[in-house]
There are 2 protein chains.
Amino acid sequence: MFNRKSSVLKSATTHILGYYTTFKKYILYKRKTPLKNDCAIEKTLNVISGKWKPAILSQLLKTNLRLRDIQKGLPEASKRSLTQQLREMIEDGLIEKKDFHQFPKKTEYSITYLGTQLSSVFQELSKFGDKLE
Amino acid sequence: MFNRKSSVLKSATTHILGYYTTFKKYILYKRKTPLKNDCAIEKTLNVISGKWKPAILSQLLKTNLRLRDIQKGLPEASKRSLTQQLREMIEDGLIEKKDFHQFPKKTEYSITYLGTQLSSVFQELSKFGDKLE
DNA sequence: CTGTATCCGGGAAGATACTG
DNA sequence: CAGTATCTTCCCGGATACAG
């Protein structure tokens with residue numbers, strides 16, 4: 001989960017797992033600045049602090065949703081960002097995806113049991129946020 | 001607190017408060033992507049999710065500290081990052097700074113009452129983090 | 001010792017076009 | 001519809017030198 005691999009295209013010099021390469025192709029690399037995964041607090045922050053993650057999770061805590069519906073609720077977010085953050089949250093086990101094999105494509109995102117346990121975290125975050133200014 | 005101003009040097013084209021300029025000098029600018037400050041959850045996340053903030057706050061929840069001591073506890077963080085994150089947390093009212101006017105300089109950072117209320121947030125974050133893998 | 005000035009690299013996320 | 005490919009912009013935080 002930490003040092004999460006992402007795919008990226010670099011046209012010039014880039015790095016693979018810490019080593020540099022100049023090949024122009026999609027590669028997997030580890031995050032440059034490793035997270036302090038020995039701290040439970042930072043672990044949680046890392047899985048929920050994507051730009052749209054709290055918003056998505058709040059929605060999914062209420063009901064299952066298709067990508068289209070998530071977009072409708074977050075019109076400012078690009079589709080790319082949303083699918084990326086959804087993918088990360090699937091990797092982290094917070095949510096699940098179900099594919100209905102049909103055309104046009106249909107998928108549905110839902111919260112996992114682990115994900116539901118975030119609600120007490122959100123409750124505290126919200127309580128504190130109300131005290132700010 | 002949101003749309004916090006930062007100073008930055010751009011050698012080419014950059015923007016001031018949303019408008020673009022090509023002057024090469026230090027300017028103040030607002031964040032390009034405004035935060036959704038209507039959500040209490042995101043408010044909290046925004047004030048605690050700097051790279052070293054949770055670590056600093058955890059320390060200050062125990063005792064007052066000088067910059068030197070914070071650095072000792074976080075040898076991987078640069079001085080610049082630490083002072084910057086400390087400054088932001090002062091702006092957000094989480095911590096306070098006391099200057100002893102002497103030479104060599106001496107200052108001391110301490111948690112505010114608002115800051116102490118973060119402990120229940122951290123508790124939940126920590127509890128959830130233990131459930132991750 | 002505390003803090004700022006300056007420069008820079010890299011990862012996150014936006015825009016847009018395309019695929020199945 | 002759902003998702004990826006590609007390029008671009010932005011901004012956080014590291015390194016280093018300097019100032020009071």
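In what follows, every chain begins at residue 1, and chains take the letters A, B, ... in the order their sequences are listed. Every value quoted in this text rests on a predicted model; they were computed, and no experiment measured them.
Counting to the nearest Å, the C1' atom of D:dG13 and the CD atom of B:Glu76 are 13 Å from each other. We find that CG of A:Asn64 is positioned 17 Å from C1' of D:dA2, with the value rounded to whole Å. The distance between atom CZ of B:Arg80 and atom C1' of D:dA19, rounded to the nearest whole Å, is 17 Å. In this structure, B:Glu88 places its CD atom 15 Å from C1' of C:dT4, rounding to the nearest Å. Note: CD1 (B:Ile90) to C1' (C:dG3) measures 12 Å, nearest angstrom.
Applying the salt bridge (Lys or Arg N to Asp or Glu O under 4.0 Å) rule to B:Glu124 yields the partners B:Lys127; only residues at least two apart in sequence or on another chain are considered. Shown here are the side chain to side chain donor-acceptor pair (under 3.5 Å) partners of A:Ser78, two or more places apart in sequence or in another chain: A:Ser81. Remark: B:Arg87 pairs with no residue by the side chain to side chain donor-acceptor pair (under 3.5 Å) rule, at least two apart or across chains.
Heavy-atom nearest nucleotides on DNA chain C were determined for B:Tyr109 and for A:Gly50, and the one closer to the 5' end corresponds to B:Tyr109.
The side chain of A:Arg87 contributes an N or O atom lying less than 4.0 Å from OP1 or OP2 of D:dT4. Between B:Gln84 and D:dG13 there is no side-chain N or O to OP1 or OP2 distance below 4.0 Å.
Contact check for B:Ser110 versus B:Ile95: no side-chain heavy atoms found under the 4.5 Å cut-off.
Within residues 99-107 of chain A, no residue has any heavy atom under 4.0 Å from DNA chain C. DNA chain C lies under 4.0 Å from at least one heavy atom of each of the following residues of residues 65-72 of chain B: B:Arg66, B:Leu67, B:Arg68.
Panel note: side chain B:Asn46, backbone B:Glu42; a donor-acceptor pair is recorded below 3.5 Å. Of the possible polar contacts, one joining the A:Gln85 side chain to the A:Trp52 backbone as a donor-acceptor pair under 3.5 Å is found.
Sorted by first and then second residue, the side chain to side chain donor-acceptor pair (under 3.5 Å) pairs involving residues 96-106 of chain A (not counting sequence neighbours) form an empty list.
The CE atom of B:Met89 lies 12.0 Å from the CG atom of B:Leu114; values are rounded to the nearest 0.5 Å. The CD1 atom of A:Ile111 lies 11.0 Å from the OG1 atom of A:Thr63; values are rounded to the nearest 0.5 Å.
Nearest to the side chain of A:Lys79, among C:dG3, D:dG3, D:dG13, sits D:dG3.
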